[in-house]
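Read through the structure below, which is laid out as C-alpha cells, and then see the notes.
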Number of protein chains: 2
Amino acid sequence: MAARPGPAPRGRAARGSARAALIAAAHTTVRRQGYAATSVDDICAAAGVTKGAFFHHFASKEALAVAAAEAWTERARPMFEMLPHTKLKDPLDRLLGHIDFRFSMLHGPVDGFICFIGTMVQDAYATSEPIRLACEASIAAYCDALAPDIEAAIDAYGAPPGVTAPDLARHVQSVLQGGFVLAKTTNDPAIARESVAHLRRYILMLFGRGETA
Amino acid sequence: MAARPGPAPRGRAARGSARAALIAAAHTTVRRQGYAATSVDDICAAAGVTKGAFFHHFASKEALAVAAAEAWTERARPMFEMLPHTKLKDPLDRLLGHIDFRFSMLHGPVDGFICFIGTMVQDAYATSEPIRLACEASIAAYCDALAPDIEAAIDAYGAPPGVTAPDLARHVQSVLQGGFVLAKTTNDPAIARESVAHLRRYILMLFGRGETA
DNA sequence: GACACCATACCAACTGGTCGGTATGTTGAT
DNA sequence: ATCAACATACCGACCAGTTGGTATGGTGTC
C-alpha cells in the first residue's frame, strides 16, 4: 500500500479510464449475451469498476447503451479510411475490397466478429426507443460510408434499373447481419462466409463482371 | 391432437389448452421483446394462465423455449406444402414463388413478420446450448425444405461453379434474417423488402434469367 | 511553492422490486 | 377415488438504481 509507483499504478485501472472501460466492456459483454441478459453488474465486473462509477458516468443502463452505440460507430470508421483497399482507383475494386475485408473477419469465435449494434437492437428495439434510434444512426452511418463507392461504381459500369447506391449499401449490411445471426445459430462462421460469398457474386454480376449459368 | 368429444366449458379457456396457449404466448412475446427480456410472468399473463400451470407443463423457461422452437418449425411447414406456388411445374418458379411469398409477408408492424427463431437465438445462443440447438434444428429444417427446389433448378438451368443447393438455401435464410434485423432497427419493413428484392434479382441472374449492366 | 478549496472520479453498502422456480392447495374429468 | 390440470402463495437470488462517503487532481491565493 505504501508503495507509490510512477505514473501508472499497476494495482488498479488508471483514474479517468472508467468511462472508456465501461463502454468497451459493454461491447464485449452485450455481444456475447445480448442487451437484456447483460446486467449492470456484469458490465462493471468486466470493466473492473464498481457500480458507483457506472452511475457516475451514465444516468442509466440505457444511457450506456446509447453511448456504446455511438462509440461503436467511431470504432468502425477506420474500416473506411485506413484500410489499403480504400486507396484503389476503381470504385468497384474498393467495394469488392470492402466485401473481401468483411469476409476475412469472419473467422474464429463468433463473439469476435458479430456486430454490437445488430445484437443490441434485436432485444432493445421494442423496449427502448433511444437505443433503437442510436442503432439506426450507426447503421445509417455505415451505409452512408459505403454508398459513395457504390454510386461511383454505378456511374462507371451501370447497373440494372431499380438498383441504387443506398439500396445496395443497405443490402450489404443486411447480408452481413443475417450472416451473423446464422453464425450464432450454428456457432460457426462458415455459414456467414458462404453468404458473403454469394453477396460478392451478386455484386460482380450486377456490374457485368460476373458469369451466369 | 384431436379435439375431445363434447363441448368445452364456455366461461374461461378450455381445460387442457394451457400448453398451447403458453407456446403461442412465447412466440408473440419473445418476438416483441427478445428471450432474456421476456419473463415467465409475461408469458403467463399473455397466455392467460398462472405460473403454476406454466411449471406444470414445462420444467423451466428454457424448456418452454425449446418446445416453442419446435412448434415454430411445425408452424412454418404449411409454407412449403399448402401454398399455391408449391404446385408449379418449374422448380425455379417454385423457388421464386417462395421468395415472392416471403416478400409479401414483409408488410405492417415489424412484430408481425419477424422470425421467432432468429430473435431468440440472438440472446440465448451463448447462454443456453439446448436453445441454440433447437434453433439450429429449426433453421436447418427450413433450409432442407427449400433445398430440393433449388437443387432441381440447378439441374434444370445450371449454376456458376461453387453454387450448391444447401448453400443457396442458407443464403436465402441469411438475407431474410438480415432483413428482419434491419427492419427492427428502422422500425420499417421497407428495408427488408429491398433486400429480398436484391435476393430475387441475384437468383434470376444465377440461373441466367437476369439482366446485367 | 505551499496550502485552502473544490469539482470530479470513484467506491462499498444498501433498497425496493422483479426474477425463475417451488410448495401446496383446488378443481374437474374419468 | 384418483390423477392430471390447473391456481395461490411464497422463496432466495438477482436486478437497476441510490446513498453517503473517500480519494485525486486542478486552481486561485498569498
Side-chain angles (χ1 to χ4, degrees), chain A residues 1-23 25-26 29-30 33-68 120 123-124 127-128 130-131, chain B residues 1-23 25-26 29-30 33-68 120 123-124 127-128 130-131:
Chain A
M1 273 304 188
R4 184 73 49 187
R10 284 177 296 277
R12 59 176 55 179
R15 189 180 168 85
S17 66
R19 191 190 153 91
L22 283 165
I23 287 180
T29 314
V30 169
Q33 305 179 352
Y35 174 72
T38 299
S39 70
V40 172
D41 285 320
D42 287 341
I43 297 173
C44 290
V49 233
T50 62
K51 226 167 179 177
F54 183 103
F55 285 101
H56 171 71
H57 288 286
F58 303 102
S60 63
K61 186 187 175 188
E62 184 182 57
L64 167 67
V66 171
M120 187 165 70
D123 60 346
T127 42
S128 166
I131 294 180
Chain B
M1 295 291 175
R4 287 286 169 84
R10 298 277 188 271
R12 55 172 62 185
R15 196 177 168 83
S17 66
R19 190 189 154 90
L22 284 166
I23 287 179
T29 315
V30 170
Q33 305 179 353
Y35 174 71
T38 299
S39 70
V40 172
D41 285 322
D42 286 342
I43 298 173
C44 290
V49 162
T50 61
K51 227 168 177 177
F54 183 104
F55 285 101
H56 172 73
H57 288 285
F58 302 101
S60 64
K61 185 188 177 188
E62 183 181 56
L64 167 66
V66 171
M120 187 165 68
D123 61 347
T127 42
S128 166
I131 294 180

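Values below: all heavy atoms of this structure, side chains included; hydrogens, waters and symmetry mates excluded.
- Checking D:dA7, D:dA16, C:dT22 against the side-chain heavy atoms of A:Ser39 singles out D:dA16 as nearest.
- At whole-Å resolution of the value, CZ in B:Phe55 and P in D:dT8 are 16 Å apart.
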Interface polar pairs with nucleotides 19-22 of chain D, N/O, under 3.5 angstrom:
none

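- In this structure, CZ of A:Phe58 is placed 15 Å from C1' of D:dA16, rounded to the nearest angstrom.
- Considering every non-hydrogen atom in both A:Ala26 and A:Ala68, the closest pair reads CB-CB, 4.3 Å.
- The side chain of B:His56 approaches D:dA5 more closely than any other nucleotide in the set D:dA5, C:dG21, D:dA7.
- Straight-line distance from the CZ atom of A:Arg19 to the C1' atom of C:dT8: 14 Å, rounded to whole Å.
- Both tests hold for A:Lys61 against A:Tyr35: distance to the six-membered ring centre under 6.0 Å, angle to the ring axis within 45°.
- Under the rule for a side chain to side chain donor-acceptor pair (under 3.5 Å), the partners of A:Ser39 that lie at least two apart in sequence or sit in another chain are A:Asp42.
- For the pair A:Val49/A:Phe54, no side-chain contact is recorded, criterion being any heavy-atom separation below 4.5 Å from C-beta on.
- Residues meeting the side chain to side chain donor-acceptor pair (under 3.5 Å) test with A:Lys51, sequence neighbours left out: A:Asp41.
- Residue A:His57 contributes atom NE2, which lies 12 Å from atom P of C:dT8 at whole-angstrom precision.
- Side-chain atoms of B:Lys61 and base atoms of C:dG21 include no donor and acceptor less than 3.5 Å apart.
- Taking both residues in full, the closest heavy atoms of B:Asp123 and A:Gly34 are given as CB-CA, 4.1 Å, listed atom of the first, atom of the second, then distance.
- Rounding to whole angstrom units, CZ of residue A:Phe54 and P of C:dT8 are separated by 20 Å.
- Note: CG (A:Asp41) to C1' (D:dT18) measures 13 Å, nearest angstrom.
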Before giving the answer on side-chain contact (heavy atoms from CB on, under 4.5 Å), spell out for A:Phe55 and A:Val40 the whole-Å C-alpha distance, their side-chain angles and the decisive distance to 0.1 Å. CA-CA 10 Å; A:Phe55 285 101; A:Val40 172; 4.0 Å; yes
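- Minimum atom distance to the side chain of B:Ala53 is reached by D:dA7, of the listed C:dG20, D:dA7, D:dA16.
- One interatomic measurement links the two molecules: CD of A:Glu62 to C1' of D:dA16, which rounds to 12 Å at whole-angstrom precision.
- Put simply, the side chain of A:Lys51 and the base of D:dA16 share a donor and an acceptor less than 3.5 Å apart.
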